[in-house]
Amino acid sequence: MPELPEVETVCRDLRTGGVIGEKIIDVLVLWEKSIADLHPDQFRAGLVNNTIISVTRRGKYIHLVLHTGTSLLIHLRMTGSLTLRDIHQTNDLHDRVIIQFTNYNLVFHDPRKFGRMILTNNPELWLDALGPEPLHDDFTAAVLYERLHHRKARLKTLLLDQKFIAGIGNIYADETLFLAKIHPCRTGESLSKEEAFALHRAIQHTLRSAITNRGTSLGTGDGNFTSKGEAGQHGRQLQVFRRTQTPCYICQTPIEKIIINQRSTHFCPHCQK
DNA sequence: AGTGGCCCCTGGCGGC
DNA sequence: TGCCGCCAGGGGCCAC
């Protein structure tokens, strides 16, 4: 599942891969729902002959800005990936959209078809709805405490809420709460200032560490998320996610799995209070 | 404000 | 071996 670290890795790879300055020659839409509500002709017309001038990330969105000022927002959701592929390489069954440059293609590949590409002149409609960027300087521990202390929802729910904080998904929510030694069912308002500060440190450490490892690639079904088609190396660092009934690395207590808001949640019942 | 249910999808996997 | 049915899960939407 691409979360902030995986999306950040994709953006960095697109930049170093030379996408900036590239002119779009043609666009193939192989699955119409992947481009939201736009007709494929409009989508294509908005992109062809355009040049990409920047690649940035906001939450889990990849934001490509074109020289006309139009934005292409890409959300990978569950199984999406963006890869640069040699122009002579054949298409894959699960390719959904192919943006063609002179010498290579930018391929949106998405087996489960949840991902979306949004061509818009108003990207702020999507991006401004998001909560703070967890790795920005203005997201301080005090800011997190301020956002938490009046919330009655459980922490797992809040961490997954993109309006509360942007970019965290199921893997890093569980890992963050383990690192902070806080139980996922605790409510926002129940946290002391010290606990909120510990959670802030855990969020930033978990995300930074995962970015360093180029993200997490889970073994089966979920594919790779780096734009070079490689597996991210963070999987071996996971402390609780998908470790149900195996011993906690700290105290040997079996990791428990519960469901919170339809999401599987993994934690150590001894370490996390 | 918070929660639960359902939907979108399909590969993978457990059960028989 | 082969088939069936369930599950995962980000996020939108709706009901309560």
Side-chain angles (χ1 to χ4, degrees), chain A residues 1-10 29-38 57-63 73-82 92-97 108-118 120 123 125-131 133-134 146-177 184-191 207 210 215-225 231-232 235 238 240-245 255 257-267:
Chain A
M1 298 119 267
E3 305 180 25
L4 187 154
E6 292 75 24
V7 176
E8 179 64 29
T9 299
V10 170
V29 177
L30 304 172
W31 180 256
E32 292 192 15
K33 287 188 182 176
S34 293
I35 56 170
D37 296 325
L38 217 54
R57 179 193 59 73
R58 174 80 171 94
K60 300 178 196 171
Y61 285 95
I62 298 160
H63 185 188
L73 293 175
I74 303 161
H75 199 302
L76 302 174
R77 293 282 181 95
M78 295 282 303
T79 56
S81 65
L82 266 190
D92 182 273
L93 174 64
H94 302 303
D95 292 346
R96 305 304 178 196
V97 179
F108 179 60
H109 179 269
D110 187 21
R112 290 186 203 177
K113 301 177 175 174
F114 284 148
R116 290 292 179 268
M117 289 184 136
I118 301 160
T120 177
L125 252 44
W126 287 266
L127 304 184
D128 287 356
L130 298 172
E133 272 303 312
E146 184 58 33
R147 293 177 71 79
L148 275 175
H149 85 276
H150 60 101
R151 297 295 298 264
K152 297 182 192 302
R154 291 168 289 191
L155 287 171
K156 177 60 185 276
T157 306
L158 291 171
L159 289 177
L160 290 180
D161 181 354
Q162 301 301 299
K163 294 188 287 301
F164 181 78
I165 184 169
I168 297 175
N170 216 28
I171 296 175
Y172 299 114
D174 286 1
E175 293 298 309
T176 288
L177 288 167
C185 290
R186 292 275 300 281
T187 62
E189 65 174 5
S190 78
L191 289 205
L207 295 177
T216 303
S217 296
L218 298 173
T220 56
D222 300 307
N224 300 312
F225 304 120
L238 298 180
V240 289
F241 190 76
R242 292 199 182 164
R243 293 198 61 241
T244 312
Q245 291 308 316
I255 299 302
K257 175 181 163 181
I258 58 174
I259 304 294
I260 299 177
N261 293 88
Q262 278 78 255
R263 294 286 179 266
S264 62
T265 300
H266 314 75
F267 68 101

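The structure presented is a predicted model; accordingly, all values stated were derived computationally and were not measured. We name chains A, B, ... by the order of the sequence lines, and we start the count at 1 in each one.
Across the protein-nucleic acid pair, A:L93 atom CG and B:dG12 atom C1' stand 15 Å apart, rounded to whole Å. Computed from coordinates, the A:D110 CG to C:dG9 P distance equals 16 Å when rounded to whole Å. In this structure, CE of A:M78 is placed 7 Å from C1' of C:dG10, rounded to the nearest angstrom. One atom, CG of A:N170, and another, P of C:dC7, lie 16 Å apart when rounded to the nearest Å. Counting to the nearest Å, the P atom of C:dG9 and the CG atom of A:D174 are 9 Å from each other. In this entry the distance linking CZ of A:R96 with P of B:dC9 reads 10 Å, nearest Å. Here the P atom of nucleotide C:dG10 and the CZ atom of A:F164 are 17 Å apart, to the nearest Å. A:L159 has its CG atom 17 Å from the C1' atom of C:dG9, to the nearest Å.
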Please list each protein N or O that sits under 3.5 Å from an N or O in nucleotides 2-5 of chain B, with the distance.
| from | atom 1 | to | atom 2 | distance (Å) |
| --- | --- | --- | --- | --- |
| B:dG2 | OP1 | A:K152 | N | 2.4 |
| B:dG2 | OP1 | A:A153 | N | 3.2 |
| B:dG2 | OP2 | A:R151 | NE | 2.6 |
| B:dG2 | OP2 | A:R151 | NH2 | 2.7 |
| B:dG4 | OP2 | A:R154 | NH2 | 3.4 |
| B:dG5 | N7 | A:Q262 | NE2 | 2.9 |

Protein-nucleic acid N or O pairs under 3.5 Å, nucleotides 11-13 of chain C:
| from | atom 1 | to | atom 2 | distance (Å) |
| --- | --- | --- | --- | --- |
| C:dG11 | OP1 | A:H75 | NE2 | 2.7 |
| C:dG11 | OP2 | A:K60 | NZ | 3.0 |
| C:dG11 | OP2 | A:Q162 | NE2 | 3.3 |
| C:dG11 | N7 | A:R263 | NH2 | 2.8 |

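Residues forming a salt bridge (charged side-chain N to carboxylate O under 4.0 Å, His left out) with A:K156 (at least two apart in sequence, or on another chain): A:D174. In this structure A:K257 satisfies the salt bridge (charged side-chain N to carboxylate O under 4.0 Å, His left out) test with no other residue, sequence neighbours excluded. Partners of A:A210 under the side chain to side chain contact (heavy atoms under 4.5 Å, CB included) rule, at least two apart in sequence or in another chain, are A:P5, A:Y172, A:H234. In this structure A:L73 satisfies the side chain to side chain contact (heavy atoms under 4.5 Å, CB included) test together with A:Y61, A:H63, A:I118, A:T120, A:P123, A:W126, A:L127, sequence neighbours excluded. Residues that satisfy the side chain to side chain contact (heavy atoms under 4.5 Å, CB included) test with A:K33, not counting sequence neighbours, are A:W31, A:R116. A:D92 meets the side chain to side chain contact (heavy atoms under 4.5 Å, CB included) test with A:R85, A:H94, A:D95, A:H109; sequence neighbours excluded. For A:E8, the salt bridge (charged side-chain N to carboxylate O under 4.0 Å, His left out) test picks out A:R12, A:R15, A:R57, with sequence neighbours left out. Judged as a salt bridge (charged side-chain N to carboxylate O under 4.0 Å, His left out), and not counting sequence neighbours, the contacts of A:R186 are A:E195. Not a single ring-ring contact (aromatic ring centres under 6.0 Å, His included) links A:F108 to another residue, sequence neighbours left out.
Dashed line: the shortest gap from a side-chain N or O of A:T79 to OP1 or OP2 of C:dG9 is not under 4.0 Å. Not one side-chain nitrogen or oxygen of A:K33 sits closer than 4.0 Å to the OP1 or OP2 atom of B:dC8.
Between A:A166 and A:P134, the closest heavy-atom pair is O-CD, 3.0 Å. For A:E3 against A:I168, the heavy-atom pair with the smallest separation is OE1-C, 3.9 Å.
Looking at heavy-atom distances under 4.0 Å, A:K257 makes contact with sugar-phosphate atoms alone, never a base.
An end-to-end axis angle of 50° holds for the helix from B:dG2-C:dC16 to B:dC16-C:dG2, taken from five base pairs per end and rounded to 10°.
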